[in-house]
Amino acid sequence: MQTLIKNGILYTMTEDKGIFQGDILVEGTKIKEVAEHISEDCLEDGDKLIEAEGYYVLPGLIDAHSHIGLFDFNVDPCVDDANEMTNPVTLSVDARFGTNPKAREFKVAYEHGITTMLLTPGSGNVFCGLPFALKTYGNNVFDMTIKSPCAVKIALGGNPKNTYGDQRRLPMTRMGIAKVLDDTFAKAKKYMEDKEQNKEVEYDPDMEALCLALKGEIPCKIHCTQYDMLTAIEIAKKYNVHFSLEHAWGATDYLDEIVESGCDICYGPIATYRSPGERRKIDVEAVKMLDDRGVNVAMITDSPILSEESLYHHVGEAVREGLAQERAVRTVTINAAKVLGVEDRLGSLEEGKDADIIVMKGKLGLDTDAMVYYTMIEGKIVYQK
């Protein structure tokens with residue numbers, strides 16, 4: 001089965017091809033060809049032609065930080081299956097087992113062109129669990145999954161402080177959080193080294209999970225804002241782990257430290273009220289400033305904290321703050337794919353990649369009425385306006 005998308009304005013998200021008017025041929029679940037012209041003669045009976053002249057064709061959008069299906073707002077009262085707040089260290093809990101694939105937000109996501117999400121445990125603990133990446137269309141979360149685990153989720157700041165401060169137990173301060181971080185990394189490092197030296201080690205699933213980060217197999221995904229970012233950078237540097245700073249409000253105060261650390265930034269959500277504490281400084285201009293300095297930045301909604309379609313607003317706000325529109329689109333396509341570690345499959349329109357493609361009327365990030373007309377996931381049209 002083939003689908004030919006003709007005459008669209010292609011946002012390839014590649015350095016060599018950039019943006020041009022052309023065609024895309026999809027065969028099965030993959031992109032077979034991207035070119036200025038592909039003859040319709042390649043189509044056979046049963047194949048599909050999409051005439052996209054005057055439309056913009058993009059890779060499926062990616063939200064690199066979401067909780068939909070874990071925070072379940074489909075029932076009353078709402079269900080929180082994102083936070084296993086029974087211990088500050090719940091490293092090995094797997095977000096897949098808390099995700100409701102029938103949550104209505106998944107349908108909203110793919111109808112708005114979001115074809116992939118990273119779903120992560122919440123931030124109630126210091127070590128929160130294991131996020132995973134999935135396609136947004138399907139009925140079975142395990143079939144929808146494309147990478148698990150994607151990261152080790154860690155949280156600093158107000159959330160774990162409030163969780164354990166209310167219980168009058170460690171960690172109830174930022175000092176305590178840093179101690180839990182350091183002690184747990186040190187324990188995992190020794191666990192890993194003992195195993196490598198063939199010493200007898202009692203199996204510990206939490207340490208096994210953190211060893212994945214210590215070995216460089218997955219990054220740490222660290223919820224933090226303001227000066228907590230300095231703690232995250234310091235601990236990550238000490239244990240030589242790759243990491244992303246999640247939310248990163250206040251990043252403009254620490255540009256040099258972020259750039260030097262080599263981390264990724266998952267910035268957002270942006271449409272949140274300013275208040276004392278973590279929300280004191282919502283500095284959307286940080287997206288451009290970081291991008292200008294070579295930092296890999298993805299924009300995130302934290303959905304369902306904000307709605308999935310607010311990803312459009314995030315791109316638009318980055319443009320309003322001076323980021324070039326094509327660069328802003330990268331924050332929800334190829335940049336986000338790199339954060340998830342799936343850039344070999346997603347994030348750009350290239351031969352051999354998954355046929356996750358959207359066709360839009362209007363320019364994402366510039367036109368307030370930009371709208372998806374087709375969403376394709378792995379070669380299947382899952383939404384058509």
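Basis for what follows: all heavy atoms, side chains included, without hydrogens, waters or symmetry-related copies.
Between His247 and His223, the two ring planes are perpendicular [angle over 60°; tilted spans 30° to 60°].
A chain of hydrophobic side-chain contacts below 4.5 Å, direct or via other Ile, Leu, Val, Met, Phe, Trp or Tyr residues, connects Tyr267 to Leu311.
Around the CG atom of Asp45, the shell of radius 6.0 Å holds no more than 12 heavy atoms that belong to other residues, nucleotides or ligands. Surrounding CD of Glu217 are more than 12 heavy atoms belonging to other residues, nucleotides or ligands, all under 6.0 Å away. Environment of NZ in Lys189: sparse, with no more than 12 heavy atoms of neighbouring residues, nucleotides or ligands closer than 6.0 Å. Around the CD atom of Glu193, the shell of radius 6.0 Å holds more than 12 heavy atoms that belong to other residues, nucleotides or ligands.
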>> For Arg174 and Thr231: C-alpha separation, side-chain torsions, deciding distance, then whether side chain to side chain donor-acceptor pair (under 3.5 Å) applies.
In response: CA-CA 9 Å; Arg174 282 177 165 81; Thr231 301; over 6 Å; no
> Does the pair Lys187 and Asp183 meet the rule for a side-chain contact (heavy atoms from CB on, under 4.5 Å), with working shown?
Replying inline: CA-CA 6 Å; Lys187 181 181 177 182; Asp183 288 352; over 6 Å; no
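Between Phe127 and Phe185, a ring centre-to-centre spacing shorter than 6.0 Å is recorded.
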Review item, side-chain donor-acceptor pairs of residues 251-260, under 3.5 Å, at least two apart:
unit_1: Thr252; atom_1: OG1; unit_2: Lys281; atom_2: NZ; d: 3.4
unit_1: Thr252; atom_1: OG1; unit_2: Asp283; atom_2: OD2; d: 2.6
unit_1: Asp253; atom_1: OD1; unit_2: Lys281; atom_2: NZ; d: 2.6
unit_1: Asp253; atom_1: OD2; unit_2: Lys281; atom_2: NZ; d: 3.4
unit_1: Asp256; atom_1: OD1; unit_2: Arg293; atom_2: NH1; d: 2.9
unit_1: Asp256; atom_1: OD1; unit_2: Arg293; atom_2: NH2; d: 3.0

Residues 206-213, side-chain donor-acceptor partners within the protein, below 3.5 Å, at least two apart:
unit_1: Asp206; atom_1: OD1; unit_2: Leu91; atom_2: N; d: 3.3
unit_1: Asp206; atom_1: OD1; unit_2: Ser92; atom_2: N; d: 2.9
unit_1: Asp206; atom_1: OD1; unit_2: Ser92; atom_2: OG; d: 2.7
unit_1: Glu208; atom_1: OE2; unit_2: Tyr191; atom_2: OH; d: 2.7
unit_1: Glu208; atom_1: OE2; unit_2: Lys195; atom_2: NZ; d: 2.7

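Looking at heavy atoms from C-beta onward, Arg345 lies out of side-chain contact with Lys147 at the 4.5 angstrom threshold. Glu308 is not listed as a side-chain neighbour of His112, based on a closest heavy-atom distance of 4.5 Å or more. A heavy-atom distance below 4.5 Å is not found between the side chains of Pro88 and Pro160. Using a 4.5 Å cut-off on side-chain heavy atoms (C-beta onward), Glu246 and Ser123 make no contact. The closest side-chain heavy-atom distance from Leu119 to Ile68 is below 4.5 Å.
By the 4.0 Å N-to-carboxylate-O rule, Glu111 lies too far from Arg104 to be salt-bridged with it. For the pair Asp264 and Lys338, the salt-bridge criterion is not met [side-chain N within less than 4.0 Å of a carboxylate O]. Glu40 and Lys6 are not joined by a salt bridge, as no carboxylate oxygen comes within less than 4.0 angstrom of a charged side-chain nitrogen. Between Asp292 and Lys288 there is a salt bridge, since a side-chain N of the basic residue sits under 4.0 Å from a carboxylate O of the acidic one.
In this structure, Thr12 contributes its side chain and Gly18 its backbone to a donor-acceptor pair below 3.5 Å. In this structure a side-chain-to-backbone donor-acceptor pair under 3.5 Å is missing from Asp367 to Asp369.
Sorted by first and then second residue, the salt bridge (charged side-chain N to carboxylate O under 4.0 Å, His left out) pairs with a member in residues 152-170 form an empty list; sequence neighbours excluded.
For the residue pair Asn125 / Glu84, no side-chain donor-acceptor distance below 3.5 Å is found, with atom types taken as modelled.
The other members of the hydrophobic cluster of Ile50, by chain and number, are Ile5, Leu10, Phe20, Ile24, Val26, Ile31, Val34, Tyr55, Val57, Leu349, Ile357, Val359, Met371, Tyr373, Tyr374, Met376, Ile381 (side-chain heavy atoms under 4.5 Å, ILVMFWY only). Grouping Ile, Leu, Val, Met, Phe, Trp and Tyr residues whose side-chain heavy atoms lie under 4.5 Å apart, directly or via other members, places Val319 in a hydrophobic cluster with Leu366. Other residues sharing the hydrophobic cluster of Met1, ordered by chain and number and joined by side-chain separations under 4.5 Å: none, the residue standing alone.
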